[in-house]
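Presented below is the structure to which this report refers.
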Amino acid sequence: MLPFKLVYSDAYYLPIGDHVFPAEKYRRVRDRLISTGVADANDFLEPQPATDQDILLVHKPEYVNKLKTGTLSPREEMELEVPFSPELVRAFWLAAGGSILAARQCLTDGVCISIGGGFHHAFPDHGEGFCMIHDVAVAIRRLQRDDKVRTAMTVDCDVHQGNGTAAIFAGTRTASALLPSSSTSTVEQPAGAPRGAANQGKMRGAHAGDVFTISLHQHNNYPLYKPPSSIDVDLPDGTGDDDYLAWLDNALSSGLRQFEPDLLCYIAGADPYGEDQLGGLSLTIEGLKKRDELIFRVARARGIPVMVTFAGGYARNIEDTVTIHSNTVVAAKEVFAR
Ligand SMILES: [Zn+2]
């Protein structure tokens, strides 16, 4: 039995047919967690779909109406990059409901993981990059509306920049500026990290409103236009475990020096993996687990509740994607079991 809950439904499955997005990964992660004894049936909570009012806390009425009536233009459907269907709309409403439940539950348990969600490329008025509805933003806005949290921080470790998140929470920002980096780390550079190699990346910062957004991503990758997050870390192609972990540590300490969140939303993309088909970084499965541990350790040490969603993962071998996502649960179990 886990010291926290997992949010999951068989209806998380995205009905998109044969697609680079492995829609069945959610069920496979659930099955893996049970078959390896990491979790049992009692650890899972079944989410309810978000209400339209919840979705409208983030998304424009015109866009929501188009989704509900199936009237996206061909161009809008093309941008979404997944085939539109009413079933797909239901799956995204459920993902948003799952993220609301996970955000609420982590306030009690310290951590909660939704075996789904993380659709960080959805904007208020359109969807793109496989993302129709920004489930994490909906969860934050719903908890703020219910007076459960005042502020939140998103930490987006998907290989693709969190453009939807940045746009939704843009608030009042100043222009981006380079931030001091390696000297501000709270931990030592990982042993064996090539000297100064981390400086090949770039960390940009801008002031935030009530939600502070951090994105670590491959610079030379989708989305072409990257609206400024509170902190963006633009990583060069081929960045490996040690440099990545040093940058993550830097970004987290810098963010938490500037901002005190009531809730941390960790977007735990599996696509910084070296074998990913849509990513160009070189993290290993072990490095990705260390990434998860780092975030959980920081959140736990500071008493910040953390909710987790899975976002992307397109490994050549789907079993690797399942392992990386399952390891996020294992990492949480190790850090929070005490
Ligand atoms: Zn991604």
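Read the numbers this way: they start at 1 and go in the same order the structure lists the ligands and their atoms. All of these numbers come straight from a predicted model, not from anything done at the bench. Atom set for the values below is all heavy atoms of this structure, side chains included, hydrogens, waters and symmetry mates excluded. If you read the sequence from its start, that first residue is 1, and numbering goes on from there.
For residue H120, no N/O/S atom approaches the Zn ion (ligand 1) to within less than 2.8 Å.
When distances from the Zn ion (ligand 1) to the N, O or S atoms of H160 are compared, ND1 comes out shortest. The atom of D271 that is an N, O or S and sits closest to the Zn ion (ligand 1) is OD2. When the Zn ion (ligand 1) is compared with the N/O/S atoms of D158, atom OD1 turns out nearest.
Classification of K290 and D242 as a salt-bridged pair fails, no side-chain N sitting under 4.0 Å from a carboxylate O.
The aromatic rings of F310 and H325 lie parallel to each other, with less than 30° between the two planes, well short of the 60° mark.
With hydrogens and angles left out, the side-chain atoms of E319 and T323 include no donor and acceptor closer than 3.5 Å.
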Side-chain donor-acceptor contacts of residues 84-92 below 3.5 Å, not counting sequence neighbours, with atom names and distances?
| residue | atom | partner | partner atom | Å |
| --- | --- | --- | --- | --- |
| S85 | OG | E87 | OE1 | 3.4 |
| S85 | OG | L88 | N | 3.0 |

